[in-house]
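Take a look at the structure below.
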Amino acid sequence: MRKNRIVKALLFAFPKTIPIFAGFWFLGFSYGVLMNVNGFSFVYPMLMSMTIFGGSLEFVAASMLLSTFAPLQTLLAALMIQARHLFYGISMLEKYKDTGWKKPYLIFGMCDESFSINYSTEIPDDIDKGWFMFFVTLLNRVYWVTGSTLGGIIGGLIKFNTYGLSFVMTAMFVVIFLDQWLKEKQHISSCVGLSASVLCLIVFGAENFMIPTMICITLILTLLRKPIERKDSEDKQ
Amino acid sequence: MTVAQQIITIGLCVIGTMATRFLPFLVFKSDKPVPKYIDYLGKALPASIFGMLVVYCMKDVSILGGSHGLPEFIAIAVVIILHLWRKNMLLSVAGGTVCYMLLVQFVF
């Protein structure tokens, strides 16, 4: 009975992670190749993917490892690049509650993609929510670690014509955004997210826009709390 | 960089990452009720975050130069149309990605 529940959760989770499978294998592989080309053994991308498990930071860390030792700068860069996880945590406080021993693992493996799937999937009543989120997190991590390890082993030996495949992640986030849009009762928060990001991207540039974007979003959502809460409760009646 | 320095560098990346992942859960323990404001943010933020992630994926697209972001915008339109039509995530993602790959490899 219990085993059946676990298998059912896995079977429900796997299809949701297929786009991530494609994206993570491609991006992870590219990252492994980059490390290989820079003279690192495959052990580096493998261990870094297992412990850091954050794509953008791992790419930056690759260049950090090649320059001079700067611990404070490294820590600050890590905190800035990963700051968006604070938002994921605040959003998942409720959903990760009551997941028992799985909770630390769910938080440990909470990347953009795991958060997005775990937050947005409507899980049927007969599927165990804790196991579902556990498998989404685990599978995504397995894809990333195996992809980057393979890239590190194979290196630049083979070339596929995969130019443009990284768009799979963009496409997935567009779908998740669209699903949220179709489901939500008001579009204030969605529009705030889009417009604040675009404005900050124009003002601060691609390298530095995430922190200003997060501050803008938090401020605007705080100011608009009354209208958002009113609209959300209006439509429930 | 020595191996020890490399390990410290990687370790600091891990610490920075885990700090941002665990902090909200350490501050707002599950045995106590979450403040109303944080509860509100937890509900209102995700829609903003999904918008932010779409823009984040597009951050290196140059509107002024190169192909002016046309392959990206066309492929996103394909994703949206496919998704509104069939509501099948895999189909929308695969269709959009194939379209994008064809565009950047053969058209632009």
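Letters A, B, ... mirror the listed sequences (proteins, then strands); counts begin at 1. In what follows, every heavy atom counts, from backbone to side chain, and hydrogens, waters and symmetry copies are set aside.
Of the atoms belonging to F53(A), heavy atoms from both backbone and side chain fall under 4.5 Å from chain B. With a threshold of 4.5 angstrom between heavy atoms, M80(A) does not approach chain B through any atom at all. The parts of L65(A) that come within reach of chain B are both its backbone and its side chain, each placing non-hydrogen atoms under 4.5 angstrom from that chain. Using a 4.5 Å cut-off between heavy atoms, T68(A) touches chain B through its backbone atoms (N, CA, C, O) alone. Looking at L221(A), both its backbone and its side chain come within 4.5 Å of chain B, counting heavy atoms on both sides. Proximity to chain B is absent for every atom of C191(A), based on heavy atoms less than 4.5 angstrom apart. Both the backbone and the side chain of L45(B) come within contact range of chain A, each with at least one heavy atom under 4.5 Å from a heavy atom of that chain. For M52(B), the parts sitting under 4.5 Å from any heavy atom of chain A are the backbone and the side chain alike. Contact annotation for F87(A): both backbone and side-chain heavy atoms come within less than 4.5 Å of a heavy atom of chain B. Heavy atoms of Y100(B) lying under 4.5 Å from chain A belong exclusively to its side chain. Using a 4.5 Å cut-off between heavy atoms, S166(A) does not touch chain B at all. When heavy atoms are compared at a cutoff of 4.5 Å, K87(B) approaches chain A solely by way of its side chain, counted from C-beta outward. Of the atoms belonging to L201(A), it is side-chain heavy atoms, and not backbone ones, that fall under 4.5 Å from chain B. Looking at L79(A), both its backbone and its side chain come within 4.5 Å of chain B, counting heavy atoms on both sides. For a residue to count as touching a neighbouring chain, one of its non-hydrogen atoms must lie under 4.5 Å from one of that chain's; by this rule K95(A) does not touch chain B.
Ranked by heavy-atom pairs shorter than 4.5 Å toward chain B, the options A171(A), G205(A), A78(A) are led by A171(A). Listed options A94(B), G42(B), P71(B) were ranked by heavy-atom pairs under 4.5 angstrom with chain A; first place goes to G42(B). Highest contact tally toward chain B, considering only L66(A), L86(A), T74(A), L47(A), is held by L86(A) [criterion: heavy-atom pairs under 4.5 Å]. Each of A75(B), G95(B), G11(B) has some count of heavy-atom pairs under 4.5 Å with chain A, and the biggest count is that of A75(B). Put simply, of V192(A), D98(A), L57(A), L76(A), the one with the most heavy-atom pairs under 4.5 Å next to chain B is L57(A). Among the candidates E229(A), M169(A), E207(A), the residue making the largest number of heavy-atom pairs closer than 4.5 Å to chain B is E229(A). Each of L182(A), L165(A), V198(A), V60(A) has some count of heavy-atom pairs under 4.5 Å with chain B, and the biggest count is that of L165(A). Considering only heavy-atom pairs separated by less than 4.5 Å from chain A, the leading option among C57(B), P24(B), A47(B) is A47(B). Among the candidates F177(A), F167(A), F173(A), the residue making the largest number of heavy-atom pairs closer than 4.5 Å to chain B is F167(A).
Within a 6.0 Å sphere centred on CD of Q73(A), other residues, nucleotides and ligands contribute 12 heavy atoms or fewer. The environment of NZ in K36(B) is sparse: at most 12 heavy-atom neighbours from other residues, nucleotides or ligands sit within 6.0 Å.
In this structure, R84(A) CZ and R21(B) CZ are separated by 8.5 Å, a value rounded to the nearest 0.5 Å. Put simply, CZ on F50(B) and CD on E184(A) are 10.0 Å apart, with the number rounded to the nearest 0.5 Å. Here CD1 of I90(A) is found 8.5 Å from CG of L23(B). Values are rounded to the nearest 0.5 Å. Here the CD1-OG1 distance, from I81(A) to T17(B), works out to 8.5 Å after rounding to the nearest 0.5 Å. Summarising the geometry, atom CG belonging to L93(A) is positioned 7.0 Å from atom CZ belonging to F28(B); distances are rounded to the nearest 0.5 Å.
The shortest distance between side-chain heavy atoms of Y44(A) and I10(B) falls below 4.5 Å. You'll find the side chain of S30(B) reaches within 4.5 Å of the side chain of K103(A), heavy atoms only. Contact check for E94(A) versus V34(B): no side-chain heavy atoms found under the 4.5 Å cut-off. Using a 4.5 Å heavy-atom threshold, the side chains of T213(A) and Y56(B) count as separate. With a 4.5 Å cut-off on side-chain heavy atoms, M64(A) and L12(B) do not count as touching. Side-chain atoms of L90(B) and P19(A), non-hydrogen and from C-beta on, do get closer than 4.5 Å to each other.
Residue S48(B) is tested with S190(A), S91(A), S189(A) for a side chain to side chain donor-acceptor pair (under 3.5 Å); the sole match is S189(A).
With T20(B) contributing its side chain and Q82(A) its backbone, the two residues share a donor-acceptor pair below 3.5 Å. Judged purely by atom type and a 3.5 angstrom limit, Q105(B) uses its side chain to pair as donor or acceptor with the backbone of Y163(A).
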